[in-house]
Asker: 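Submitted below is the structure of interest, expressed as structure tokens.
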Amino acid sequence: MNSPEKRCLTVYGNETEELEEAHEFAGFDLAAFRAHFGNPDNDQLMYNEHPVNPEDVAFLSEYLPQSVIFDFDRYSYFVSCYV
């Protein structure tokens with residue numbers, strides 16, 4: 001049975017703090033994401049948003065179906081969950 005939750009990369013404008021884009025991950029691997037982001041015990045399914053830093057870009061790019069240009073000066077990025 002497939003889980004109804006989806007994980008995506010959300011992009012928020014630093015000036016407006018509004019959602020600008022969302023990119024759904026292809027082939028989301030919960031164990032790999034937990035290992036990479038050091039997920040705490042109180043969020044084992046990664047339902048909470050997790051901030052993305054420049055050192056996370058190479059890892060995340062493996063799971064994005066299209067190329068994303070990361071600009072940390074203008075945008076903030078998060079691994080997010082939605083149904």
Asker: If you round to the nearest 0.5 Å, how far is CG of D43 from CZ of R34?
Answerer: 8.5 Å

Asker: Using a distance-only test with no angle check, is there a side-chain donor-acceptor pair under 3.5 angstrom linking Y82 and E24?
Answerer: yes

Asker: Near E15 CD, under 6.0 Å, is it more than 12 heavy atoms from other residues, nucleotides or ligands?
Answerer: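 It does not: E15 CD has 12 such atoms or fewer within range.
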
Asker: Set out, in order, the CA-CA distance, both residues' side-chain angles and the distance that settles side chain to side chain contact (heavy atoms under 4.5 Å, CB included) for F72 and V57, then state yes or no.
Answerer: CA-CA 11 Å; F72 287 91; V57 170; 3.8 Å; yes

Asker: Treating D29 as the side-chain partner and A31 as the backbone partner, does any N or O pair qualify as donor plus acceptor under 3.5 Å?
Answerer: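 Here the side-chain-to-backbone pair exists.
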
Asker: Enter the distance from S80:OG to L9:CG here, rounded to the nearest 0.5 Å.
Answerer: 7.5 Å

Asker: Is there a side-chain contact between D73 and N14, using heavy atoms and a 4.5 Å cut-off?
Answerer: no

Asker: Any chance the rings of F78 and Y12 have centres within less than 6.0 Å?
Answerer: yes

Asker: I would like to know whether M46 and F37 meet side chain to side chain contact (heavy atoms under 4.5 Å, CB included); could you show each step before the answer?
Answerer: CA-CA 10 Å; M46 294 190 73; F37 285 97; 4.2 Å; yes

Asker: In this structure, would L19 and V52 fall into the same cluster of hydrophobic residues linked by side-chain contacts under 4.5 Å?
Answerer: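 No, L19 and V52 fall in different hydrophobic clusters.
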
Asker: So, taking the atom named CD in E21 and the one named SG in C8, what distance separates them when rounded to the nearest 0.5 Å?
Answerer: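 So the gap between those two atoms works out to 11.5 Å.
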
Asker: Taking everything shown except E17 itself, do over 12 heavy atoms lie less than 6.0 Å from its CD?
Answerer: no

Asker: Considering all heavy atoms of both residues, which atom of A32 and which atom of Y63 are nearest to each other, and what is their separation?
Answerer: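 Between these two residues, the closest heavy atoms are CB-OH, 3.6 Å.
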
Asker: With a 4.5 Å cut-off on side-chain heavy-atom distances among I, L, V, M, F, W and Y, is there a chain of contacts connecting L30 to Y47?
Answerer: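 Cluster IDs for L30 and Y47 match.
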
Asker: Will you find, in the side chains of D56 and H50, an N or O donor that is under 3.5 Å from an N or O acceptor?
Answerer: no

Asker: Centres of the F33 and F25 rings: under 6.0 Å?
Answerer: yes

Asker: Does the pair Y77 and F70 meet the rule for a ring pair (Phe, Tyr, Trp, His ring centres under 6.0 Å), with working shown?
Answerer: CA-CA 9 Å; Y77 303 88; F70 288 84; 4.8 Å; yes

Asker: Could you walk me through whether K6 and V83 pass the side chain to side chain contact (heavy atoms under 4.5 Å, CB included) test, one step at a time?
Answerer: CA-CA 6 Å; K6 303 289 183 191; V83 178; over 6 Å; no

Asker: When rounded to the nearest 0.5 angstrom, what is the spacing between OG1 in T10 and NE2 in H23?
Answerer: 9.5 Å

